[in-house]
Amino acid sequence: MHNNDTVVIAGCGDLGTEAGLRFARRGHHVIGLRRRAELVPAPITGRSADLRHEVPEIPADTSVVVVAFAAGSRDVDEYRATYVDGLRNVLDGIDASDADPRLLVVSSTAVYDVDDGSEVTEDTPVHGATPTAEVLVEAEALLRVRAPDAVLVRLSGVYGPGRERLIDQVRSGSARLAPGASPHTNRIHRDDAAAALVHLATVEDPAPTYLGTDDEPSRLDDVLRFLADELGVPEPVTGDGGARQSGGDKRLSNALLRSTGWAPQYPTFREGYRAVLAGEGVRHP
Ligand SMILES: NC(=O)c1ccc[n+]([C@@H]2O[C@H](COP(=O)([O-])OP(=O)(O)OC[C@H]3O[C@@H](n4cnc5c(N)ncnc54)[C@H](OP(=O)(O)O)[C@@H]3O)[C@@H](O)[C@H]2O)c1
């Protein structure tokens, strides 16, 4: 990878743009593919493409391709069109090009169907417990067959500037503490996820899969109490519903990613949410 090579971001949204800007700062020419290319900020070059139906052109000097598109809804057909057909089209584009880029594909830790609070690593078997998780498992399997050298990055819950669902629920009083023990949840600040992608672009002999998550799996109620304290609002009341998540109960390990030299700027939700509450950073459209 040379500094003036091209980097292609397929699905240049919030995470893809943050990664793209970081590649650009290193001197790369960055192309951001999305349907609404007009939203891609300079110095990234926006190109309009609907990857569900189009095979993108990958320039011959491309050294890195990042796949970071997200389906616009949880409709299963839309999910499959985006994650499976979209990935297939990107793979076809790479095959048709003279480039031999490192391929980094973002997936989700939703592929782990674990709800007993146990530790999850890259070696934990995946299982599509929901129809949407099933589609992600399908996309991952396609990647393995078509591009055995690709690097899969399974991210936990991405939060960051402008992604303030939990904060809003605590502020408005609609968040609820669990009647019993609350599940372990896992998250990663958007900037740390972007930094991980840029870092993995140059790691020698990368593993096939990395979990992208911060240092501390945390019980959801601890996060809610922390946010209430930071916001200066009453602690959420106990009850059903509210901010309950459907992410199971698992403790994700970032040991393998950390072993490559990546370290999170926001090691836990405390540093990360403090930065969000302080208004640091912007959400990319
Ligand atoms: N949010 C989480 O907690 C979480 C957790 C784990 C993993 N992830 C993964 O993280 C990745 C990035 O998420 P994000 O937060 O950056 O999402 P985002 O801001 O919604 O960005 C997604 C991008 O994908 C583009 N896109 C969607 N469909 C497309 C298509 N058919 N053709 C071309 N581009 C398309 C969208 O642009 P257009 O609409 O303009 O096409 C948008 O720029 C996704 O792979 C997501 O699954 C997220």
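Here, residue 1 is the first one in the sequence, and each next residue gets the next number. We count ligands from 1, going down the list as the structure has it; atoms in each ligand are counted the same way.
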Report summary line: atom 34 (N) of ligand 1 has as its nearest protein heavy atom R34 CA, 3.5 Å
Query - Test of proximity, F69 against ligand 1: N or O pairs below 3.5 Å - result: yes
Requested in this report: Please determine if V158 has a nitrogen or oxygen closer than 3.5 Å to a nitrogen or oxygen of ligand 1.
Outcome: yes
**Report entry** P43 side chain reached by L21 side chain, heavy atoms, under 4.5 Å
**Finding:** yes
Report task. Check ligand 1 against R52 and write out every atom of the ligand that is under 4.0 Å from a heavy-atom position of the residue. Result -> 31 (N)
Report summary line: Of all protein heavy atoms, the one nearest atom 18 (P) of ligand 1 is D14 N, 4.0 Å
Query raised in the report: Just distances here: any N/O of S107 and N/O of ligand 1 closer than 3.5 Å?
Result: no
**Report entry** Contact (N/O only, under 3.5 Å) between R35 and ligand 1
**Finding:** yes
Report task. Give a yes or no on whether a salt bridge exists between D168 and R165, defined as a side-chain N under 4.0 angstrom from a carboxylate O. Result -> no
**Report entry** N or O pair under 3.5 Å between S108 and ligand 1
**Finding:** no
**Report entry** G157 neighbourhood, listing ligand 1 atoms whose heavy-atom distance to it stays under 4.0 Å
**Finding:** 3 (O)
Requested in this report: Considering the heavy atoms of L51, write down every atom of ligand 1 situated less than 4.0 Å from one of them.
Outcome: 30 (C), 31 (N), 32 (N), 33 (C)
Query raised in the report: Hey, which atoms in ligand 1 end up nearer than 4.0 Å to a heavy atom of R163?
Result: 1 (N), 15 (O)
Report summary line: So for S156 against ligand 1, with non-hydrogen atoms under 4.0 Å, the contacting part is backbone
Query raised in the report: With a 4.0 Å cut-off on heavy atoms, does A110 reach ligand 1?
Result: no
**Report entry** Donor-acceptor contact below 3.5 Å, side chain T17 vs main chain D14
**Finding:** no
Requested in this report: Give a yes/no on ligand 1: does C12 have at least one heavy atom closer than 4.0 angstrom to it?
Outcome: yes
Report task. Decide whether an N or O pair under 3.5 Å exists between G13 and ligand 1. Result -> yes
Report summary line: heavy-atom search around atom 33 (C) of ligand 1 in the protein gives A49 O, 3.2 Å
Query raised in the report: ring pair (Phe, Tyr, Trp, His ring centres under 6.0 Å) between F226 and F269: does it pass, once the steps are laid out?
Result: CA-CA 9 Å; F226 169 81; F269 67 89; 5.3 Å; yes
Query raised in the report: Of V55, L87, I58, which is the lone residue that meets side-chain contact (heavy atoms from CB on, under 4.5 Å) with D92?
Result: V55
Requested in this report: Looking only at protein heavy atoms, identify the closest one to atom 20 (O) of ligand 1 and say how far it is in Å.
Outcome: A70 CB, 3.9 Å
Report task. Check the pair E122 / L211 against side-chain contact (heavy atoms from CB on, under 4.5 Å), numbers first and verdict last. Result -> CA-CA 6 Å; E122 289 76 2; L211 295 190; 3.6 Å; yes
**Report entry** From T185, T213, N186, residue fulfilling side chain to side chain donor-acceptor pair (under 3.5 Å) relative to S156
**Finding:** T213
Query raised in the report: Which protein non-hydrogen atom lies closest to atom 25 (C) of ligand 1, naming both residue and atom, and how far is it?
Result: G11 CA, 3.9 Å
Query raised in the report: How close does the nearest protein non-hydrogen atom get to atom 39 (O) of ligand 1, and which residue and atom is it?
Result: R36 NH2, 2.8 Å
Query raised in the report: Is there a donor-acceptor contact under 3.5 Å from the side chain of H29 to the main chain of D61?
Result: no
Report task. Apply the test side-chain contact (heavy atoms from CB on, under 4.5 Å) to residues V237 and R176: give CA-CA distance (whole Å), side-chain angles for both, the deciding distance (0.1 Å), then the verdict. Result -> CA-CA 5 Å; V237 296; R176 293 285 177 273; 3.7 Å; yes
Report task. Report, in ascending order of atom number, the atoms of ligand 1 lying under 4.0 Å from any heavy atom of D50. Result -> 30 (C), 31 (N), 32 (N)
Query raised in the report: Above 12 or not: heavy atoms from other molecules or residues under 6.0 Å from CZ of R47?
Result: no
Requested in this report: State if Y83 counts as touching ligand 1 under the rule of any non-hydrogen atom under 4.0 Å.
Outcome: yes
Query - Main-chain N/O of D215 paired to R258 side chain as donor or acceptor, under 3.5 Å - result: no
Report task. Provide, to 0.1 Å, the distance between atom 16 (O) of ligand 1 and the closest protein heavy atom, together with that atom's residue and name. Result -> L15 N, 2.8 Å
**Report entry** atom 10 (O) of ligand 1: nearest protein contact (heavy atom, Å)
**Finding:** V106 CG1, 3.5 Å
Query raised in the report: Do you know which of R80, R144, R88 makes salt bridge (Lys or Arg N to Asp or Glu O under 4.0 Å) with E138?
Result: R80
**Report entry** Side chains of R35 and R52 in contact at under 4.5 Å (non-hydrogen atoms)
**Finding:** yes
Query raised in the report: Given H184, which of D115, D249, D116 fulfils the side chain to side chain donor-acceptor pair (under 3.5 Å) condition?
Result: D249
